[in-house]
Amino acid sequence: MSAERRGAGSAARWAAALPRHPWPQRQRQVCAPRVCNRSRPPASPLGPGEQGGRPHLGAATHGHSVRRAPSGAARAGAGAAASRRCRMAAAPPSSLSYRTTGSTCLHPLSELLGIPLDQVNFVACQLFALLAAFWFRIYLSPGKTSPDVRHAFATIFGIYFVIFCFGWYSVHLFVLVLMCYGIMVTASVSNIHRYSFFVAMGYLTICHISRIYIFHYGILTTDFSGPLMIVTQKIIALAFQVHDGLGRRAEDLSVEQHRLAVRVKPSFLEYLSYLLNFMSVIAGPCNNFKDYVDFIEGRHIHMKLLEVNWKQKGFHSLPEPSPMGAVIHKLCMTLVSLLLFLTLTTTFPVTCLVDDWFVYKANFLTRLCYLYVVMQASKPKYYFAWTLADAVNNAAGFGFSGVDKNGNFSWDLLSNLNIWKIETATSFKMYLENWNIQTATWLKRVCYERVPWYPTMLTFILSALWHGVYPGYYFTFLTGTLVTIAARTMRNNYRHYFLSSKALKLVYDVVTWAVTQLAVSYTVAPFVMLAVEPTVSLYKSMYFYLHITSLLIILFLPIKPQAHIQKQPQTLNSVNEKKKD
């Protein structure tokens with residue numbers, strides 16, 4: 001077989017086996033943007049996970065390289081062969097199309113809609129969770145029901161949803177929860193955070209490795225890693241908060257650590273409810289233990305209102321804000337995201353980035369613009385799943401964050417993204433702060449604010465390890481480290497020149513917006529492609545331009561002193577000293 005045919009076949013095998021991330025999608029064929037096979041029904045963006053979790057399907061093909069074809073005829077022949085192989089791989093036998101470790105009772109609906117059964121199960125659970133959340137808030141309100149009953153019902157519903165979606169794979173979640181509760185009960189408070197961190201991350205990593213490299217993702221079966229990732233976040237966050245509350249002096253804590261510190265170890269029921277409650281066990285997001293317990297015990301809203309001077313907002317007594325407006329708004333956003341997925345995402349699949357037209361024929365500017373379009377098209381599935389999960393929590397009465405500057409009630413305590421700020425971001429930092437917000441906050445609290453050296457790099461590494469063991473994750477996060485440092489250097493050196501007038505500031509914002517959006521598209525492409533071969537092929541076709549540019553900026557531009565100074569969290573000691581002064 002010629003090198004050209006081997007390269008095309010390799011790309012086709014990668015596209016056919018492309019894992020679904022972060023929510024299951026049907027396997028896609030490699031296609032040029034002008035000729036895409038639309039004979040199959042569109043994929044659904046839905047599935048378990050998030051977060052933030054990341055279900056996948058299939059195994060990525062590694063170790064192959066896409067070689068440049070020496071002639072147009074050879075490329076055409078290879079492309080035709082790749083398309084034939086891709087179409088064969090992308091259309092599995094109907095007898096296998098509904099295999100799942102979860103419930104099969106919705107298989108007829110799956111066949112009717114042409115959507116994989118695991119995704120139908122996920123949607124069914126989330127819609128049922130939405131209805132259960134309304135029922136939970138109205139009929140099991142804190143004024144009518146004891147906290148233990150609320151904990152019990154939230155846990156029972158959550159366990160049922162997990163078993164419904166994942167079947168016997170749900171055992172992994174239960175094993176991890178039980179192991180870490182054993183650590184919570186038996187370990188010393190000085191080491192509880194270390195043991196919990198290594199056990200939870202170690203178990204998650206073993207599951208990632210076994211599913212990808214040993215069981216090859218159990219072709220066409222449901223992925224359980226999404227909920228496992230969310231549970232891992234909560235286990236580690238709670239362990240650190242217990243350590244802060246029982247193992248450290250109050251004056252050594254930052255203001256945020258002091259607020260979130262847990263000073264009494266949770267009971268077994270509280271522990272299970274926090275980790276496995278039906279509102280967040282399937283799709284997240286991660287939240288703080290104290291906020292969750294305040295919600296269960298009926299103090300959540302009042303505690304948030306007391307954090308602001310609510311009397312200045314026009315209230316003479318503590319109000320009872322309703323989440324209905326926020327829920328309806330977020331459900332509308334969910335519907336729009338679904339429509340965008342069914343139109344935009346299916347028109348520009350990520351597999352087009354390894355097509356011969358993109359790799360060999362398009363000029364650099366066309367490749368750059370098309371990469372941006374494809375990465376934009378991959379966002380609606382994230383918007384859908386995270387916004388729906390946020391709406392479920394709000395429907396239960398959880399997620400109230402206080403009163404904004406206009407006197408309006410805010411229900412964004414658990415929001416995982418700010419779509420407007422993402423799409424208008426003028427810096428890499430601003431983009432990251434508004435994407436997967438709860439995971440970014442978790443990384444900041446358990447890693448960035450606590451490690452004594454290289455906080456940015458170690459935080460990126462932890463993020464990659466938490467997401468999984470695909471090479472694409474490490475390409476993205478190592479590239480992200482370079483881009484973050486380079487962007488910070490550029491901002492420190494040049495931003496102040498553009499602040500003298502509104503016109504210059506507008507020019508600066510427009511240019512930095514364009515650069516940020518293109519840089520993010522370049523950086524996160526491996527995160528979606530996952531495998532080594534398509535990532536290297538893409539970056540070679542882009543001449544590694546962002547890597548080279550970032551390195552040149554870091555090596556040759558002067559770095560101002562403040563770029564090197566890590567901003568330390570404000571401790572209670574420093575606060576008290578300021579008050580004395």
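In what follows, every heavy atom counts, from backbone to side chain, and hydrogens, waters and symmetry copies are set aside. Every value quoted in this text rests on a predicted model; they were computed, and no experiment measured them.
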| field | Reported OG1-to-NE2 distance for the pair T334 and H329, which is rounded to 0.5 angstrom | value | 9.5 Å
| query | So do R299 and K290 actually touch side chain to side chain, heavy atoms under 4.5 Å? | reply | no
| Will you find, in the side chains of Q241 and N288, an N or O donor that is under 3.5 Å from an N or O acceptor? | yes
| query | Counting only heavy atoms not in K265, do more than 12 sit closer than 6.0 Å to its NZ atom? | reply | yes
| request: Report yes if the side chains of V350 and S378 come closer than 4.5 Å at any heavy-atom pair, otherwise no. | output: no
| Sub-3.5 Å donor-acceptor pair from the side chain of T345 to the main-chain atoms of A377, do we have one? | yes
| message | Could you check, using the six-membered ring where one of them is a Trp, whether F166 and H172 have ring centers closer than 6.0 angstrom? | response | no
| query | Would you call H107 and E111 a side-chain contact if the rule is heavy atoms closer than 4.5 Å? | reply | yes
| task | Could you tell me which non-hydrogen atom of Y169 sits nearest to which non-hydrogen atom of T101, and how far apart they are? | result | CD1-OG1, 3.2 Å
| task | Return yes if some donor-acceptor pair links the side-chain N/O of H243 with the main-chain N/O of A239 below 3.5 Å, else return no. | result | no
| query | Is a side-chain donor-acceptor pair under 3.5 Å present for S337 with Y382? | reply | no
| task | For Y473 and F527, run ring pair (Phe, Tyr, Trp, His ring centres under 6.0 Å): C-alpha distance rounded to whole Å, both residues' side-chain angles, the deciding distance at 0.1 Å, then the answer. | result | CA-CA 5 Å; Y473 299 153; F527 195 91; 4.8 Å; yes
| query | Using the benzene-type ring in the case of Trp, are the ring centres of F136 and F153 under 6.0 Å apart? | reply | no
| message | Any donor-acceptor pair under 3.5 Å linking the side-chain atoms of H302 with those of E320? | response | yes
| remark: Minimal heavy-atom distance between F477 and A464, with the atoms involved, is CD1-CB, 3.2 Å
| message | Check this for me: does any side-chain nitrogen of one of K379 and E423 sit under 4.0 Å from a carboxylate oxygen of the other? | response | yes
| said: Show the nearest heavy-atom pair for residues L228 and T232, with the distance to one decimal. | reply: O-OG1, 2.7 Å
| task | Heavy atoms only: give me the nearest L432-A440 pair and the separation to one decimal. | result | O-CB, 4.3 Å
| said: My understanding is that only residues two or more places apart in sequence, or in another chain, count here; which of them pass side chain to side chain contact (heavy atoms under 4.5 Å, CB included) with L272? | reply: T155, V177, F268, L276
| request: Only one of K444, R445, R450 passes salt bridge (Lys or Arg N to Asp or Glu O under 4.0 Å) with E256; say which it is. | output: R445
| request: Could you label the plane-to-plane angle of the F278 and F157 rings as parallel, tilted or perpendicular, counting under 30° as parallel and over 60° as perpendicular? | output: perpendicular
| message | Would the distance check show the side chain of S110 and the main-chain N or O of I115 forming a donor-acceptor pair, the cut-off being under 3.5 Å? | response | yes
| said: For G167, is there any backbone N or O sitting under 3.5 Å from a side-chain donor or acceptor partner on S170? | reply: yes
| query | What heavy-atom pair brings A200 and I235 nearest, and what distance separates the two atoms? | reply | CB-CG2, 4.1 Å
| Of N393, N394, T387, which is the lone residue that meets side-chain hydrogen bond (donor to acceptor under 3.5 Å, both in side chains) with K330? | N394
| field | Interatomic spacing from CD1 in I156 to CG in N277 - rounded to 0.5 Å | value | 13.0 Å
| query | Can you list the steps and then say if N418 with S415 is a side-chain hydrogen bond (donor to acceptor under 3.5 Å, both in side chains)? | reply | CA-CA 8 Å; N418 186 318; S415 295; over 6 Å; no
| Under 4.5 Å between any side-chain heavy atoms of W466 and T439, yes or no? | yes
| task | Applying side chain to side chain contact (heavy atoms under 4.5 Å, CB included), run through L388 and L331 and close with a yes or a no. | result | CA-CA 7 Å; L388 179 57; L331 290 179; 4.0 Å; yes
| query | Does NZ or CZ of R150 fall inside the cone over F295's six-membered ring, less than 6.0 Å from its centre and within 45° of the axis? | reply | yes
| field | CG on L238 to OG on S196, rounded to 0.5 Å | value | 8.0 Å
| message | Restricting to non-hydrogen atoms, name the atom on P285 and the atom on Q438 that form the minimum distance, rounded to 0.1 Å. | response | CB-CG, 3.7 Å
| task | Using a 4.5 Å cut-off on heavy atoms from C-beta on, say whether the side chain of I419 contacts that of Y383. | result | yes
| message | Show, in sequence, the C-alpha distance, side-chain angles and deciding distance for L465 and H208, and conclude whether the side chain to side chain contact (heavy atoms under 4.5 Å, CB included) test is met. | response | CA-CA 10 Å; L465 187 64; H208 279 316; over 6 Å; no
| field | Straight-line distance of Q233 CD to L204 CG, nearest 0.5 Å | value | 9.5 Å
| query | With a 4.5 Å heavy-atom cut-off, do N436 and W386 have their side chains touching? | reply | yes
| So, do D118 and C165 sit near enough that their side-chain heavy atoms are less than 4.5 Å apart? | no
| field | Euclidean distance, I183 CD1 relative to F197 CZ, rounded to 0.5 Å | value | 12.5 Å
| query | With under 30° as parallel and over 60° as perpendicular, where do the rings of Y181 and Y271 fit, or are they tilted in between? | reply | tilted
| request: Check whether more than 12 heavy atoms from other residues, nucleotides or ligands sit under 6.0 Å from atom CZ of F174, and answer yes or no. | output: yes
| field | Residues in side chain to side chain contact (heavy atoms under 4.5 Å, CB included) contact with F134, at least two apart in sequence or another chain | value | L130, R137, M324, V327, A395
| task | Report yes or no: does S210 contribute a side-chain atom to a donor-acceptor pair with the main-chain N or O of C207 at less than 3.5 Å? | result | yes
| Parallel, tilted or perpendicular: rings of Y274 and Y292 (30°, 60°) | tilted
| Below 4.0 angstrom, N of the basic side chain to O of the carboxylate: do K304 and D294 qualify? | no
| When you check the gap from the basic side-chain N to the acidic O, do K429 and E433 get nearer than 4.0 Å? | yes
| N121 (side chain) donor-acceptor with S103 (main chain) under 3.5 angstrom | yes
| query | Between the main-chain N or O of M430 and the side-chain N or O of N434, is there a donor-acceptor pair closer than 3.5 Å? | reply | yes
| Does R248 pair with D252 as a salt bridge, N-O distance under 4.0 Å? | no
| Geometric class of the F400/H300 ring pair [parallel <30°, tilted 30-60°, perpendicular >60°] | perpendicular
| message | Would you compute the distance between atom OG of S273 and atom CD1 of I296 and round it to the nearest 0.5 angstrom? | response | 4.5 Å
| Just wondering, do F164 and L106 contact through their side chains at under 4.5 Å, heavy atoms? | yes
| query | With a 4.0 Å cut-off, would you call D244 and R249 a salt bridge? | reply | no
